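These figures come from a predicted structure and were not determined experimentally.
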Amino acid sequence: MNISVVGLGVEGQQATIALLTRGHKVYSSDINRKIDLSILNQSDVNKEFLDLEIGSHNLDKILKSEAVSVSPSLFDKDICKKIIDKNIFISDVMTNHKKIKTIAVTGTNGKTTTSHMIYHVLSNAGYKVVLGGNGGGGFSGYTDLLLKANEDDYDFMVIEVCDMTLAFCDYVFDIDLVVTTNIGYDHMDVHGSLEHYTEEIGEFIENKIAVLNKNDQNLLKIVDKSNKTLLFDKYQHELNLFGSFNLQNAEAARIACLELGIRENIILKYLKTFKSVEGRTIKINYNNNEIVSGKTDNVDALKAVLEEDKFNIIIVGTPRKHEVCRFNILDYIKEYNPDTLIIFPGLDDITYDYVQYINKLGYNKDLMVIKEIKNIIKFIDTLDNKKIFIGGNGQAKITEITSKLF
């Protein structure tokens, strides 16, 4: 097919790769001349059938396509409305995925782990399950998931839904059940406020079954928005994961699977065998040091881990340049007051900005910037009998550091 991709952020690049991998002819465009195309450029996909345009959209090419994949950030723009009106939006052309029983997992934290838990139980229970979604969360994007779901017959589809793409996913997928892990302070540049974010979740769960966190006061405000609401607390059975926050993730998965008709003894059996997802929080013993490592890219995620123990040393990755809302991670670290804080470039190298920010907060313990992963490992090698946390932003680098400590 001749398919266009409009917008080349993370999702758009992942969509382009997914389509090229399947042999489609692809026209991909973005109006931003300075767009970072590293995901696309570093992929080994054959680009022979790619027509790439940067700095503008050729609307004639787009509207003559057989199908169009649109970046979620452009879903409410005029160009997307024109594509939908012409009936060439990709989820209106390929529609078999809408026949699958679909579970969406959203919220600020715990989406990836909870999605994998549900997938783990369902697939081990003998069902054919397709899992994917949020390209920023480590999956290959919504278009890749849609394509997979249309290529075969599945009993269930599990989607990790980024909190910034709720309306988009509500249109693309026919969602039956929504699990919302929590509503936290992240992406406020998009949501505007926690109140507005709560309203968006309320709209998302309309006409669906909702599994909501009973410990989240914002979620309790919207329990009457869904067709049926089930509340979860903490898992009361054996689980081989670090942190009380994972007890909530597991209980969300348990209740969702029960609602899907899975027997409880089967659910408990397979949650017991569930292992931490790569890049998520894990505990390691290394050279007589106790290390906890995992992506914690917003203050609520960081707080959930740091409240589990008292860490002597915190090693934290920086966010992207424009994500100043995530600097509040440092506000919490200053109050937590570790003996040593190490900053490394997690996503963008804004280590100088991070140092300036925490100095203004009055942090007066040891502060270091270490830019190379090999030097972070060398530093850890000098330590003995310490409790160390490695997290913040930069999942790929956090995962790489963790892999070198095993």
Ring-face cation contact, F49 with K47, 6.0 Å cut, 45° max
no

Should the pair D51-K61 be classified as a salt bridge under the 4.0 Å nitrogen-to-oxygen rule?
yes

When the ring centroid of F406 is compared with that of Y286, is the distance short of 6.0 Å?
no

For R326 and N393, does a side-chain donor sit closer than 3.5 Å to a side-chain acceptor?
yes

Could you walk me through whether E53 and N58 pass the side-chain contact (heavy atoms from CB on, under 4.5 Å) check?
CA-CA 8 Å; E53 184 165 351; N58 187 320; 3.8 Å; yes

When you measure from the centre of the six-membered ring of Y336, is the NZ or CZ of K310 closer than 6.0 Å and no more than 45° off the axis?
yes

Is K128 close enough and on-axis enough to Y154, meaning under 6.0 Å and within 45°, for cation-pi?
yes

So that I know where these two stand, are F173 and H97 an aromatic pair - ring centroids less than 6.0 Å apart?
yes

With side-chain contact (heavy atoms from CB on, under 4.5 Å) as the test, would you mind laying out the steps for D384 and N287 before giving the verdict?
CA-CA 7 Å; D384 181 65; N287 288 357; over 6 Å; no

Residues Y142 and E11: side-chain donor-acceptor under 3.5 angstrom:
no

Is a side-chain donor-acceptor pair under 3.5 Å present for E308 with S244?
yes

State plainly whether the residues K404 and D381 are in salt-bridge range, i.e. N to O under 4.0 Å.
no

Distance only, no hydrogens: is a donor on one side chain within 3.5 Å (strictly under) of an acceptor on the other, for T181 and T114?
no

